[in-house]
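Everything numeric here is computed off the predicted structure, so don't read it as measured data. Side chains are part of it too, since the values below use all heavy atoms of this structure and drop only hydrogens, waters and symmetry mates. Here is the naming used below: chain letters follow the sequence lines, and residue numbers restart at 1 for every chain.
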Number of protein chains: 2
Amino acid sequence: MKTVPHITDAEWEVMKVLWNESPRTANEVIDAMQERTEWKPKTIRTLLNRLAQKQAISFTQENRVYAYFPLVSEGECVKSETQSFLKRIYGGAFKPMLVNFLKEEQLSEEDIKELREMLDGKNK
Amino acid sequence: MKTVPHITDAEWEVMKVLWNESPRTANEVIDAMQERTEWKPKTIRTLLNRLAQKQAISFTQENRVYAYFPLVSEGECVKSETQSFLKRIYGGAFKPMLVNFLKEEQLSEEDIKELREMLDGKNK
DNA sequence: CAACTTGTATTACAGTTGTAATCCAAGCGA
DNA sequence: TCGCTTGGATTACAACTGTAATACAAGTTG
């Protein structure tokens, strides 16, 4: 199974933008980011560079402009991050976490109904 | 609500030991850790110091020996870490994560039954 | 052609983390 | 009393992160 590079908090925000739509030029990414964060353009370029270095994204060059696109899917990354989270906090076991979540979190009637249906689906 | 300090991966392992039983002297912690990791005693002492500095743990002094104990509960920390994880990966929403998990993870018949019962409980 | 603009590449710099090693003080054995 | 042992305090140091600023190169404009 392919291992995805570790993506930091700040980088993750950039990835979200690219997962949302790609390819995008650096400036397009910067514009999109500035709707959600206060980061300076230079900062975002740094993050793009780092992501490219660790091969989470790549780019094509059109004249003097780069257009970036992800090399790893959101699903892969979510799964990988979730796994390390699980490992750290719950020793890797999924169910204890779920149990804890269900106990702690607020869920509406709607949510519960929906989840129950998903469980039914799983139950084949 | 009390805010818990951020506990790093390595520190988390030490906290587990103390949550498991406390107070414990540095040496007791070190012994317990060496059953699960390869870390040198000095490393573990560093972690104990850092945890004490950030007030995740404290200690009492008996002669020249410190006995450490947690200042924050495992539940608090789990909750806090889970929240930042959720925020980072799923934008803070709990349900999308659950949905994703249920789709991705392997659950036994048993697990599913148990979860369904929990949901029934919630449903009051 | 010279200066300005614009996009990229390089460099910066402090705080955090992992992973220890060295220094120091107090009790203990010779 | 003097060095050895043991536990704690201080220091180390590189990689990773957040957050940029500065330098450079190629078009664009006057």
To the nearest angstrom, how far is [X] atom [atom1] from [N] atom [atom2]?
X     : N      : atom1 : atom2 : answer
A:K40 : D:dT19 : NZ    : P     : 10 Å
A:I44 : D:dT17 : CD1   : C1'   : 16 Å
A:Y66 : C:dT6  : OH    : C1'   : 14 Å

To check you understand the geometry: which heavy-atom pair defines the closest contact between B:D9 and A:R88, and what is its length? OD1-CD, 2.6 Å
Do you know which two heavy atoms are closest between B:N49 and B:Y68, and how far apart they sit?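 Closest heavy-atom pair between B:N49 and B:Y68: OD1-OH, 4.4 Å.
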Sequence neighbours left out, cut at 3.5 Å: what donor-acceptor pairs do the side chains of residues 51-58 of chain B make with other protein atoms?
from  : atom 1 : to    : atom 2 : distance (Å)
B:K54 : NZ     : B:H6  : O      : 2.9
B:K54 : NZ     : B:E11 : OE1    : 2.8
B:K54 : NZ     : B:E11 : OE2    : 3.1

Residues in contact with DNA chain D, drawn from residues 8-31 of chain B - heavy-atom cutoff 4.0 Å: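 Residues of residues 8-31 of chain B that come under 4.0 Å of DNA chain D are, in numerical order, B:A26, B:N27.
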Nucleic acid contacts - residues 46-63 of chain B versus DNA chain D, non-hydrogen atoms under 4.0 Å: B:N49, B:R50
Whether A:W19 and A:W12 hold their rings parallel, tilted or perpendicular, with breakpoints at 30° and 60°: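 The arrangement is perpendicular - the two ring planes meet at more than 60°.
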Same hydrophobic cluster for A:F85 and B:V4, using side-chain heavy-atom links shorter than 4.5 Å among ILVMFWY?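 As far as the 4.5 Å side-chain criterion goes, B:V4 and A:F85 are connected within one cluster.
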Sub-3.5 Å donor-acceptor pair from the side chain of A:R24 to the main-chain atoms of A:V17, do we have one?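 Pair found, side chain donor or acceptor close to backbone of A:V17.
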Counting only N and O atoms by type, is there a donor-acceptor contact under 3.5 Å from the side chain of B:S84 to the main-chain atoms of B:E81? yes
Between A:T43 and A:H6, which is nearer to the 5' end of DNA chain D once each is assigned its nearest nucleotide? A:H6
Between A:E13 and A:K16, does any NZ, NE, NH1 or NH2 come within less than 4.0 Å of an OD or OE carboxylate oxygen?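 Looking at A:K16 and A:E13, the cut-off is met.
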Between A:W39 and D:dT19, is there a contact of a side-chain N or O with OP1 or OP2 at under 4.0 Å? yes
Below the 4.0 Å mark, does D:dG27 have OP1 or OP2 next to a side-chain nitrogen or oxygen of A:R64? yes
Looking at A:K42 and D:dT22, is any side-chain donor or acceptor paired with a base atom of the opposite kind under 3.5 Å?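 Pair found.
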